[in-house]
Amino acid sequence: MRNISFDSIFEFARLCVHISRRNWTVYKKDLIANISPTVADPALVMISLGLGLGAFITNVEGKTYMEFLAPGLTVATALFTSFFESSYGFYVRMTFENVFKAMLTTPIGVSEVVAGELVWVGLKGAFMAIGVAIVLAVCGLMTNPWLIPLIGTVGFLVALPCGAMGLISTALVNNMNQFQSVYSFVIAPLYFLSGIFFPIDQMNQYVRIVAEFFPLIHGVRLAQAIFWERAIVDTYVASGSVLVIQSFIFCTLSFFLIRKKLVT
Amino acid sequence: MVEAKNLVKIFGKGASVFRALDDVNFQVRVGECFGLLGPNGAGKSTFIGMTYGSVKKTSGQVTVFGLDPQSESRSIKKRLGVVTQENALDESLTVLENMMLYSAFMGVPRDQRRRRIEDLLEYMNIAHKRDALIQTLSGGMKRRLVFVRALLGQPELLILDEPTTGLDPAVRHLLWGKVKELRSSGTTIILTTHYMHEAEVLCDRLAILNKGKIVAEGSPQKMISDHSPGYVGIFKSEDGAKVRSLVKETTTHVHEDSSGVYLRVPTLEKMTSLVADHSLNPAQIRPSNLEDVFLQLTGQELSVDA
Ligand SMILES: Nc1ncnc2c1ncn2[C@@H]1O[C@H](COP(=O)(O)OP(=O)(O)OP(=O)(O)O)[C@@H](O)[C@H]1O
Ligand SMILES: [Mg+2]
């Protein structure tokens with residue numbers, strides 16, 4: 001095992017930052033194309049479900065349907081932005097461009113590759129969630145817009161484990177098509193069954209219990225608490241700590257699985 | 001500088017195990033250019049991956065700078081430059097962005113990065129492409145850029161995995177010149193190649209790897225005199241039957257490919273007398289070279305010894 005010293009931790013952090021910076025350099029080249037779906041998707045949901053379906057649903061937990069949907073959308077943005085980057089994006093760089101083969105000849109190790117990637121998707125999730133929250137707040141769907149920075153922490157805490165789930169699927173799929181199955185059987189169910197579209201308590205017991213093992217439902221609880229100024233501290237303690245634990249588990253698992261792919 | 005002792009690498013498990021390296025022993029000395037030759041799938045890239053910890057050994061020992069690549073890969077990799085078999089350039093970035101990223105990885109001080117990159121791009125004659133996207137570069141330019149990338153950290157040990165495969169003669173000669181310059185300035189070099197001429201031109205010592213085992217080691221000259229001394233005559237296929245019958249009466253070696261029938265004998269006199277006695281019509285007579293050694297030792301020579 002590597003000796004853990006102050007120097008080696010500093011070096012580790014330095015290298016992670018460079019990997020994250022690489023992703024930022026690529027990202028900003030196509031900023032509009034990269035940002036637009038993450039903003040357009042929630043807008044679409046707002047119009048179709050919020051305005052359309054919302055006309056028939058007048059009272060969800062004492063709110064309009066628009067108000068009810070708003071917090072969950074910031075979390076959904078964090079999910080999609082992180083999962084796609086660390087599944088398709090990472091897979092292409094690993095398999096077709098062989099980028100990591102070259103990186104691993106430099107002082108970069110697998111731990112830096114994985115940590116750099118996760119820090120990047122975490123930050124991206126945070127900023128995307130904040131972006132969506134700003135739009136929603138402008139539409140008057142957030143009771144206290146000063147709490148928007150807190151949505152950044154939710155975005156980060158959701159994007160981190162969801163990004164790790166992306167890396168885990170990258171390590172497990174045999175080809176790119178199989179990401180579709182991951183999407184259909186894991187990501188889409190999480191999106192629809194984590195309390196974004198209807199109250200968590202009214203969901204089927206068994207479905208809810210399964211959902212508890214994944215990050216999204218906890219992120220939704222946290223975002224709703226912040227949007228509606230309802231027991232914020234308590235929810236951070238309950239759901240926030242679950243997210244931290246899940247992040248740790250998923251990230252660690254993704255590290256070991258990716259290492260198997262990169263070191264033979 | 002690099003040492004392998006009883007090194008074994010086995011890929012796979014259960015029924016599909018494959019010995020990519022099988023009890024490999026050799027040493028690369030400080031300051032030399034060491035060539036690792038072998039047919040496709042011999043295990044060259046596998047060995048190279050082991051020197052910086054990307055491939056884990058199954059058993060035996062490998063050390064680089066006296067360090068173990070599995071536990072001390074970061075210290076090793078700071079002093080190492082690798083031209084990987086695949087270019088593996090970051091396609092989403094420009095030439096300059098790629099090199100800035102890698103110089104950061106290598107820990108080049110921030111204020112020196114740009115200078116060092118410009119110098120190396122200049123050195124490899126691709127400075128005019130500094131702002132180009134990787135996709136727009138030709139194969140030769142990409143290869144030269146991979147050389148730049150490998151040299152960013154001013155490595156003590158430079159590892160070249162098939163550096164000139166697929167390149168035109170002009171680029172190949174340019175790269176040979178650079179490799180020679182680096183070697184004379186004290187850089188230790190490990191080179192794998194399928195071009196025997198390249199190995200003869202560049203390498204002080206060589207090892208030939210076949211199916212995971214080292215089958216010969218030494219200087220190019222020594223290898224030729226040990227394994228394939230003498231002269232080779234190349235004959236048109238019309239002479240084929242005659243030449244092959246000679247194998248039976250003399251201690252010669254023969255092999256055959258689409259370009260003709262190859263006959264090797266120990267001396268030039270012997271060759272000329274054979275040609276005269278049997279009224280043969282050689283297309284070429286030349287001293288035997290590394291390619292003859294290679295074909296013989298990797299079992300690709302068709303028939304050996306009379
Ligand atoms: N990850 C792996 N899993 C299973 N087998 C592998 C793996 N990597 C390499 N091999 C096998 O090990 C053998 C040696 O491969 P290696 O890439 O070292 O050959 P090489 O000498 O570099 O060949 P080439 O000249 O074609 O580059 C090959 O038969 C290859 O199929
Ligand atoms: Mg190879």
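What you see is a predicted model; the values in this text were computed from it and never measured. In what follows, every chain begins at residue 1, and chains take the letters A, B, ... in the order their sequences are listed.
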Counting heavy atoms not belonging to [X], are there more than 12 under 6.0 Å from its [atom1]?
| X | atom1 | result |
| --- | --- | --- |
| B/Lys211 | NZ | no |
| A/Phe179 | CZ | yes |
| A/Phe248 | CZ | no |

task = Please list, in residue-number order, every residue in residues 72-79 of chain A that has a heavy atom less than 4.5 Å from any heavy atom of chain B; write 'none' if there are none.
result = none
inquiry  = Quick check: under 4.5 Å, non-hydrogen atoms only, which of residues 84-96 of chain A neighbour chain B?
reply    = none
query = Applying a criterion of heavy atom separation less than 4.5 Å, what residues of residues 87-118 of chain B form contacts with chain A?
reply = B/Ala88, B/Leu89, B/Asp90, B/Glu91, B/Ser92, B/Leu93, B/Thr94, B/Glu97, B/Leu101, B/Tyr102, B/Ala104, B/Phe105, B/Met106, B/Gly107, B/Arg110, B/Arg113
query = Do any of residues 42-57 of chain B come closer than 4.5 Å to chain A, heavy atom to heavy atom, and if so which ones, in number order?
reply = B/Tyr52, B/Gly53, B/Ser54, B/Val55, B/Lys56
message = Please classify the contact of A/Arg259 with chain B as side chain, backbone, both or neither, using a heavy-atom distance under 4.5 Å.
response = neither
message = If you define the side chain from C-beta out and look only at heavy atoms, does anything of A/Glu97 sit under 4.5 Å from B/Glu86?
response = no
query = Side chains of A/Lys29 and B/Leu133: does their closest heavy-atom pair fall under 4.5 Å?
reply = yes
key: Winner by heavy-atom pair count (cut-off under 4.5 Å) against chain B, out of A/Val263, A/Leu104, A/Thr264, A/Thr25   = A/Thr264
Distance from [X] atom [atom1] to [Y] atom [atom2], nearest 0.5 Å?
| X | Y | atom1 | atom2 | result |
| --- | --- | --- | --- | --- |
| B/Gln85 | A/Asn98 | CD | CG | 10.5 Å |
| A/Ile108 | B/Lys77 | CD1 | NZ | 8.0 Å |
| B/Arg74 | A/Glu112 | CZ | CD | 4.5 Å |

request  = Go through the steps for A/Thr105 and B/Leu80 under the test side chain to side chain contact (heavy atoms under 4.5 Å, CB included), then give the verdict.
outcome  = CA-CA 8 Å; A/Thr105 71; B/Leu80 195 68; 5.9 Å; no
